[in-house]
Protein chains: 2
Amino acid sequence: MNDMDTHATEPAADPAEDDAPWLTAREQRLWRAHLEVSKLLEYQLSRELQQHDLAINDYEILVVLSESPDRRMRMTDLATATLQSKSRLSHQITRMESAGLVLRQECPGDRRGLFAHLTEQGWQTLRKVAPDHVRSVRAHFIDRFEDDQLDALFEALAPIAEHLRGLRGRG
Amino acid sequence: MNDMDTHATEPAADPAEDDAPWLTAREQRLWRAHLEVSKLLEYQLSRELQQHDLAINDYEILVVLSESPDRRMRMTDLATATLQSKSRLSHQITRMESAGLVLRQECPGDRRGLFAHLTEQGWQTLRKVAPDHVRSVRAHFIDRFEDDQLDALFEALAPIAEHLRGLRGRG
DNA sequence: CTGAAGTTGTAGAAAATTGAACAACCTCGG
DNA sequence: CCGAGGTTGTTCAATTTTCTACAACTTCAG
C-alpha cells in the first residue's frame, strides 16, 4: 500500500541524509494521504464511469460543455479548461464525435476556429450518468467529512489551487 | 479554469433536475478545489521530475523499492503498491532496466517469480533527485498550510484513504 | 503421483498520449 | 493593400498504456 512519495522514514538510509529540506513525519503522512486519496479516488471514479462507457476525461468534457453558453466551446479554450494539450484534445474530441457525444462546429467569426458542441445525445448521456457519479463522489469523498471539516478543507485547498493555476501559465 | 466536476450551478439546466443527490455549493467548491489541486500538482511535479529524465511513475517506483527490504520487491507486489496493472509494470520495469535504474532478479523460493531490484545507479539517482522533489512538494503543497491545518487535513484525509484502500480489494 | 486450478510475469496488438511540424487563418503596423 | 508575426487545430511519428492471451510454474486435493 505504498505510494509515490518523498519518504523520510529511515534516517540513516535516506537518499540525502543531511541539510536536505526533508519532510517531517507529520508532513509526510499528510503528503502520502493526499497522494493516496487522489490516486485511489480517481481510480474508483474512473472504474464507476466505465460502466457507462465513459472515461473520466470524457465525463469532464461533457460537464464543461454542458456549463458553457450554447453548450459549446472553442477547442483551445476547452483544452485549457481541461488541462490537455491541443493535440490530445483533438484526438479525444474525434473519439467522442464518433461516439455521438459531441460535434465539431465551424466558428462564424473566425475561420480557423472550431467549436466542440455537445449533442443532444451527449446531453442525455450526462443526464443519465451524472447522478451515479455524484453519488460516488459523495460516498467516497464529500459525505466523509464533518460539516466544519468541509469548509476548513476548502479554505486550505483554495489558495493552493490558485497558486498552481498561476504557475501553469509560465512554467 | 473549469475542471471535471459534478456541477450544480444552473438549477434549471442541470442534467437531472430533481431528487438527485446533488452537491451543494459548499460541497461543490471543495470537490472542484480537490480535483484542481490533484491535477495541477501532479502536472507540476511531473514537469519538475522531467528535468531529471524521470516520469512520475519512475520516481514512485524508485521510492517504493528504496523503502523495501533489500531494496527489492516482487513484480506483483510492486504492481499492487503502485496501482498499476501487471502488464504495465512489466513494460515499465523493462524501460527502467534499460535505463539502468532497476534489475530483474530471480526469486529463490518461487521459480515463477521475479524481483524488481533497485540498482546502485537507481539508488544514486533517487539520492540526487529526491531533494529537488521534496523542495517542490514543500513549495507547492506542504509549506502552504498553517500548522494546525496540516494536522486537520491529515485527520480528514486519513479515513478516506483507508476507505478507498478497502474498496480496492473487492470492487 | 497426478491433474485441475490458481499464480506469475511476458508478449503482442490496439489504443491513447505526447511533442513537433504544418497549413490555414487572423491581426495589425506601415 | 502587404506581409510579418501570431493563433488555431490537425497530423505524423514516437512513446506509453491497456487489454488479452499465453507459457511457465506452484499448489493442493484425491
Side-chain angles (χ1 to χ4, degrees), chain A residues 4 39 42-44 46-47 49-51 53-61 64-65 72-99 101-117 168-169 171, chain B residues 4 39 42-51 53-61 64-65 68 72-99 101-117 169 171:
Chain A
M4 185 204 91
K39 216 166 168 177
E42 175 167 353
Y43 175 82
Q44 190 65 29
S46 171
R47 239 181 74 87
L49 279 175
Q50 205 171 344
Q51 299 176 339
D53 285 304
L54 285 181
I56 211 160
N57 283 329
D58 298 330
Y59 185 80
E60 179 180 9
I61 286 189
V64 171
L65 288 182
R72 66 184 191 181
M73 196 181 270
R74 284 290 289 270
M75 293 294 278
T76 296
D77 297 335
L78 190 52
T80 301
T82 58
L83 300 179
Q84 296 186 328
S85 69
K86 287 185 299 176
S87 169
R88 178 175 170 179
L89 178 68
S90 180
H91 286 302
Q92 181 168 357
I93 291 295
T94 300
R95 271 173 256 141
M96 292 179 73
E97 209 170 1
S98 310
L101 299 171
V102 300
L103 218 49
R104 271 183 249 247
Q105 213 174 43
E106 284 188 6
C107 177
D110 187 341
R111 283 208 290 162
R112 295 167 307 177
L114 290 176
F115 284 111
H117 187 286
R168 188 83 171 88
Chain B
M4 185 205 89
K39 214 166 169 178
E42 173 167 354
Y43 174 82
Q44 189 66 30
L45 293 177
S46 170
R47 240 182 74 88
E48 293 173 2
L49 278 175
Q50 205 171 344
Q51 299 177 339
D53 285 305
L54 285 181
I56 210 161
N57 283 331
D58 298 330
Y59 185 80
E60 179 180 10
I61 287 189
V64 171
L65 288 182
S68 293
R72 65 184 191 180
M73 197 180 270
R74 283 288 290 270
M75 293 293 279
T76 295
D77 297 336
L78 189 52
T80 301
T82 59
L83 300 180
Q84 296 186 327
S85 68
K86 288 186 301 177
S87 171
R88 177 175 168 179
L89 178 68
S90 180
H91 286 302
Q92 181 170 357
I93 292 295
T94 299
R95 271 173 255 138
M96 292 179 74
E97 208 170 3
S98 309
L101 299 171
V102 300
L103 217 50
R104 270 183 249 249
Q105 212 174 42
E106 283 186 7
C107 176
D110 186 341
R111 284 210 288 161
R112 295 167 306 178
L114 290 175
F115 284 111
H117 187 286

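The structure displayed is predicted, hence computed values, not measured ones. The chains referred to below are lettered A, B, ... by the order of the sequence lines, with proteins before strands, and numbering in each begins at 1.
Atom-to-atom, CG of Asp77(B) to C1' of dT7(C) comes out at 12 Å; the value is rounded to the nearest Å. Taking atom CD1 on Ile56(B) and atom P on dT16(D), their separation rounds to 15 Å, with Å as the unit. In this structure, the CG atom of Leu78(A) is 16 Å from the C1' atom of dT10(D), given to the nearest Å. Taking atom CZ of Arg112(A) as the reference point, atom P of dT11(D) lies 18 Å away to the nearest angstrom. The distance between atom CE of Met73(A) and atom P of dT8(D), rounded to the nearest whole Å, is 14 Å. Atom CD1 of Ile93(B) is separated from atom P of dA11(C) by 14 Å (rounded to the nearest Å). Atom CD in Glu106(A) sits roughly 13 Å away from atom C1' in dA24(C) (whole-Å rounding). We find that CD of Glu60(B) is positioned 17 Å from P of dT16(D), with the value rounded to whole Å.
At dG9(D), none of the side-chain N or O atoms of Ser90(A) fall inside 4.0 Å of OP1 or OP2 (strictly under the cut-off). The shortest distance between the side-chain N/O atoms of Arg74(A) and the OP1/OP2 oxygens of dG9(D) is below 4.0 Å. Phosphate contact (OP1/OP2 of dT10(C), side-chain N/O of Arg104(B), threshold under 4.0 Å): present.
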Full working for side chain to side chain contact (heavy atoms under 4.5 Å, CB included) between Leu89(B) and Ile61(B):
CA-CA 10 Å; Leu89(B) 178 68; Ile61(B) 287 189; 3.6 Å; yes
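Ser90(A) places no side-chain N or O within 3.5 Å of a backbone atom of Lys86(A) that could act as its donor or acceptor partner.
Judged by closest nucleotide on DNA chain D, Leu114(A) is the one of Leu114(A) and Asp110(B) placed further toward the 5' end.
When the options Met73(B), Met75(B), Gln105(B), Arg104(B) are evaluated for a side-chain contact (heavy atoms from CB on, under 4.5 Å) with Phe115(B), the one that passes is Gln105(B).
For Ala81(B) against Val64(B), the heavy-atom pair with the smallest separation is CB-CG1, 4.4 Å. Across all non-hydrogen atoms, the minimal contact from Glu106(A) to Leu114(A) is CA-CD2, 4.0 Å. Looking at every heavy atom in both residues, Arg74(B) comes nearest to Gly113(B) through NH2-CA, 3.3 Å. Between Leu78(B) and Thr82(B), the shortest heavy-atom contact is O-OG1, 2.8 Å.
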How does protein reach along nucleotides 16-23 of chain C, written 5' to 3' as B (base within reach of a heavy atom under 4.0 Å), S (only sugar-phosphate), or - (no contact)?
SBBBB---
